[in-house]
Amino acid sequence: MGIISWIILGLVAGIIAKILLPGRDPGGLVGTTLIGVAGAFIGGWLSATFLDKPIAKDFFDLATWVAAVVGAFILLVGYRLLFGNSRRG
């Protein structure tokens, strides 16, 4: 998969992670989207490195999508723990 595919995958993974963990994030939509993209990269890397599951060349590989969503979810939880889960205005 190319970099554009990973970004698209990350955007979708960020949306799915946000659905699984609803609430207001300190970074808003942009922050959550960036976390999704980073989570896709990290989830894919962790899957390939520690689970010995190579990253598929196909965009619609279930294991790659699961790794991306899990990575985005973990980053979103960590982000909320570090920066709070609501915005104060």
Side-chain angles (χ1 to χ4, degrees):
M1 280 194 324
I3 190 78
I4 301 298
S5 297
W6 275 105
I7 291 172
I8 293 169
L9 174 64
L11 292 173
V12 175
I15 291 169
I16 293 170
K18 179 70 174 160
I19 290 170
L20 294 174
L21 192 66
R24 297 183 77 183
D25 295 314
L29 180 63
V30 173
T32 303
T33 301
L34 292 175
I35 287 172
V37 172
F41 281 103
I42 291 172
W45 176 77
L46 289 173
S47 175
T49 303
F50 296 110
L51 300 178
D52 197 31
K53 175 70 177 155
I55 297 170
K57 300 224 185 267
D58 298 330
F59 183 71
F60 295 106
D61 179 56
L62 181 63
T64 302
W65 279 85
V66 169
V69 170
V70 168
F73 184 81
I74 290 170
L75 282 182
L76 186 58
V77 169
Y79 185 67
R80 285 186 179 183
L81 289 174
L82 289 174
F83 299 106
N85 62 355
S86 65
R87 291 184 281 195
R88 302 196 196 312

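In this text the structure is predicted, and so the values were computed from the model without any measurement.
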Close side-chain approach of L20 to V69, heavy-atom, < 4.5 Å: yes

Using 0.5 Å steps for rounding, measure from the [atom1] atom of [X] to the [atom2] atom of [Y].
X   : Y   : atom1 : atom2 : value
L76 : L81 : CG    : CG    : 10.0 Å
L34 : L75 : CG    : CG    : 11.0 Å
I42 : T49 : CD1   : OG1   : 11.5 Å

If every non-hydrogen atom of A13 is compared with every non-hydrogen atom of A72, which pair is closest and at what distance? O-CB, 3.8 Å

Across all chains, not counting sequence neighbours, the ring pair (Phe, Tyr, Trp, His ring centres under 6.0 Å) partners of F73 are none

Answer with yes or no whether the hydrophobic clustering places I19 together with Y79; edges join I, L, V, M, F, W, Y residues whose side-chain heavy atoms lie under 4.5 Å apart. no

Do the side chains of I15 and I8 join up, straight or via other hydrophobic residues, at under 4.5 Å, putting them in one cluster? no

